[in-house]
Amino acid sequence: SIYGGRARGVVEGEEPTLSNHPGTGTTGPRTVAWRTAAHRTPVSALTGLIALVTMVTAVSGVLGPATAYPTTPLREAFAPNDAVTLALGLPVLAAAVWLTRRARPAGLLLWPGALCFLLYNCVAYLVALPLGWRWSAQLAAAALCLITIPALVGRIDAAATLRGFADRVPVRTTAGILAGLGALFLVRAAVILAGVVTGGQQATPAEVGTAVADLLITPTWVACGVLLWRRRPAGFAVALGVLGQASMLFVGLVAFLLLQPALTSVALVPSAVVVVAVMALPCLVPFALFLRAALTPGRPDSSTGPAAPPR
């Protein structure tokens with residue numbers, strides 16, 4: 001099982017039962033699947049609270065941008081982003097929780113990544129927004145994400161994910177992509193922030209917020225890439241989540257560029273959409289391969305036989 005601890009996955013205080021999924025007895029990530037009541041667990045309750053806070057702030061931002069965001073640059077940056085959160089961020093998070101409740105390990109592996117996507121947005125909002133109820137809501141959501149994400153990752157059996165993914169996905173290629181993109185955006189964020197601090201570059205509050213979010217989040221891409229390159233179990237445990245978060249950021253940016261003209265006075269720039277879409281492909285392709293591996297059983301492993309529930 002990919003689920004750590006006593007194979008409870010994200011379940012607290014409930015003994016799991018082995019289910020007869022097609023992957024049982026294989027080396028795929030679905031080696032052991034558990035029937036769980038994830039909706040009763042603390043991490044699920046925290047995730048539900050994060051989703052509720054995010055939905056309230058995003059809906060209010062889309063329906064009342066003039067009230068939610070006091071300046072034009074803030075409205076142009078965050079009203080479309082709120083729409084992306086409602087159309088992409090929350091549905092992916094709901095899908096991850098749903099898959100986990102159905103004892104599909106792909107859900108647990110993707111869940112932290114969906115929360116990281118929301119955390120990225122929270123950081124940008126916290127830096128850019130003035131103090132008020134919306135800022136406080138983003139602070140609460142960020143704090144809840146920082147509590148929930150490690151709790152979820154701690155439930156993943158890293159060794160099992162290594163066995164399940166190692167021979168079914170392009171490990172070194174994915175590692176290079178994550179480390180390379182992470183380093184690129186990390187350096188870019190550092191340059192922007194250094195320019196703002198020294199006065200050599202002007203940036204809007206939203207741009208500064210995004211740079212700070214990049215500075216805090218993209219090191220996880222680099223770390224995951226290094227761990228994958230060295231074939232460390234921890235790298236495989238977080239790979240699908242990190243790839244998911246990175247892919248969501250790229251897809252979300254494409255959606256942002258398309259929605260921005262409809263919600264603000266900013267004109268559509270087709271070339272920017274094309275450039276971002278092309279940049280997204282290196283993340284989307286390995287993400288799709290990892291997701292497929294997590295959703296489908298691997299080949300039988302005659303040396304180990306069917307997996308048994310941990311004691």
Side-chain angles (χ1 to χ4, degrees), residues 29 81 84-85 88-89 92-93 96 106 108-124 126-127 142 145-146 148-150 152-154 156 158 161-162 165-166 169-194 207-256 275-294:
N81 194 70
V84 172
T85 298
L88 177 66
V92 172
L93 178 60
L108 180 60
L109 295 173
L110 186 58
W111 192 337
L115 288 177
C116 279
F117 175 81
L118 299 183
L119 177 61
Y120 179 97
N121 284 338
C122 288
V123 172
L126 286 172
V127 173
C145 285
L146 290 173
T148 309
I149 291 170
L152 286 168
V153 174
I156 300 172
T161 59
L162 186 154
F165 282 132
V169 292
V171 177
R172 286 290 177 88
T173 301
T174 302
I177 289 171
L178 282 176
L181 285 176
L184 175 65
F185 284 102
L186 183 62
V187 171
R188 175 180 176 274
V191 170
I192 291 174
L193 293 175
E207 291 170 341
V208 174
T210 302
V212 172
D214 283 336
L215 194 68
L216 295 178
I217 298 296
T218 53
T220 62
W221 300 10
V222 177
C224 182
V226 171
L227 290 171
L228 281 176
W229 188 271
R230 301 180 66 183
R231 303 184 75 85
R232 296 289 191 249
F236 289 89
V238 300
L240 184 59
V242 173
L243 285 168
Q245 189 250 359
S247 298
M248 290 171 69
L249 286 176
F250 280 113
V251 173
L253 183 53
V254 171
F256 173 91
V275 169
V276 175
V278 171
M279 290 180 62
L281 289 177
C283 268
L284 289 173
V285 172
F287 169 68
L289 294 175
F290 269 78
L291 183 62
R292 183 184 65 177

Exercise for the section: Determine, stepwise, if the pair Val92 / Phe117 fulfils side chain to side chain contact (heavy atoms under 4.5 Å, CB included). Expected result: CA-CA 10 Å; Val92 172; Phe117 175 81; over 6 Å; no
Completion exercise
Sorted by chain and number, sequence neighbours left out, ring pair (Phe, Tyr, Trp, His ring centres under 6.0 Å) with Phe236 holds for none
Practice task
With rounding to the nearest 0.5 Å, note down the distance linking CG in Asn121 to CG in Asn81.
Solution key: 4.5 Å
Handout entry: Any residue meeting side-chain contact (heavy atoms from CB on, under 4.5 Å) with Ala223, in chain and number order, not counting sequence neighbours
Key = none
Exercise for the section: Of all the heavy-atom pairs spanning Ala158 and Ala234, show the shortest one and how long it is. Expected result: CB-N, 4.0 Å
Residues 240-249, side-chain donor-acceptor partners within the protein, below 3.5 Å, at least two apart:
from	atom 1	to	atom 2	distance (Å)
Gln245	OE1	Trp221	NE1	2.8
Ser247	OG	Leu243	O	2.8
Ser247	OG	Cys283	O	3.4

Exercise for the section: Would you indicate whether the side-chain heavy atoms of Phe165 and Leu109 approach each other to under 4.5 Å? Expected result: yes
Exercise for the section: Kindly check if the number of other-residue, nucleotide or ligand heavy atoms within 6.0 Å of CZ (Arg188) is above 12? Expected result: no
Problem - Any side-chain heavy-atom pair of Asp214 and Tyr120 under 4.5 Å - result: yes
Practice task
Please tell me if the side chains of Leu181 and Phe250 come closer than 4.5 Å, counting only heavy atoms from C-beta onward.
Solution key: yes
Handout entry: Test item: Leu118 and Leu93 side chains (from C-beta on) under 4.5 Å apart, heavy atoms
Key = yes
Practice task
Taking the side chain as every heavy atom from C-beta outward, state whether Cys116 and Thr220 have any atom pair closer than 4.5 Å.
Solution key: no
Fill in the blank from the handout: Tightest non-hydrogen contact, residues Thr174 and Pro170, listed as OG1-O, 2.7 Å
Fill in the blank from the handout: Between Pro282 and Ile177 the two heavy atoms that sit nearest each other are O-CD1, 3.3 Å
Problem - Interatomic spacing from CZ in Phe185 to CD1 in Ile217 - rounded to 0.5 Å - result: 13.5 Å
Practice task
Please report the closest heavy-atom contact between Cys145 and Pro150, naming both atoms and the distance.
Solution key: O-CD, 4.1 Å
Fill in the blank from the handout: Taken in chain and number order and not counting sequence neighbours, the residues that satisfy side-chain contact (heavy atoms from CB on, under 4.5 Å) with Leu146 are Leu119
Handout entry: Non-hydrogen atoms of Leu162 and Arg232 that approach each other most closely
Key = CD1-C, 4.1 Å
Handout entry: Non-hydrogen atoms of Thr161 and Pro233 that approach each other most closely
Key = OG1-O, 3.9 Å
Completion exercise
Sorted by chain and residue number, the side-chain contact (heavy atoms from CB on, under 4.5 Å) partners of Val226 (sequence neighbours excluded) come out as Val222, Arg230
Completion exercise
When rounded to the nearest 0.5 Å, the distance separating CG of Leu228 from CG of Leu178 is 6.5 Å
Handout entry: Test item: Val238 and Ile156 side chains (from C-beta on) under 4.5 Å apart, heavy atoms
Key = no
Handout entry: Any residue meeting side-chain contact (heavy atoms from CB on, under 4.5 Å) with Leu215, in chain and number order, not counting sequence neighbours
Key = Leu186, Ala189, Ala190, Leu193
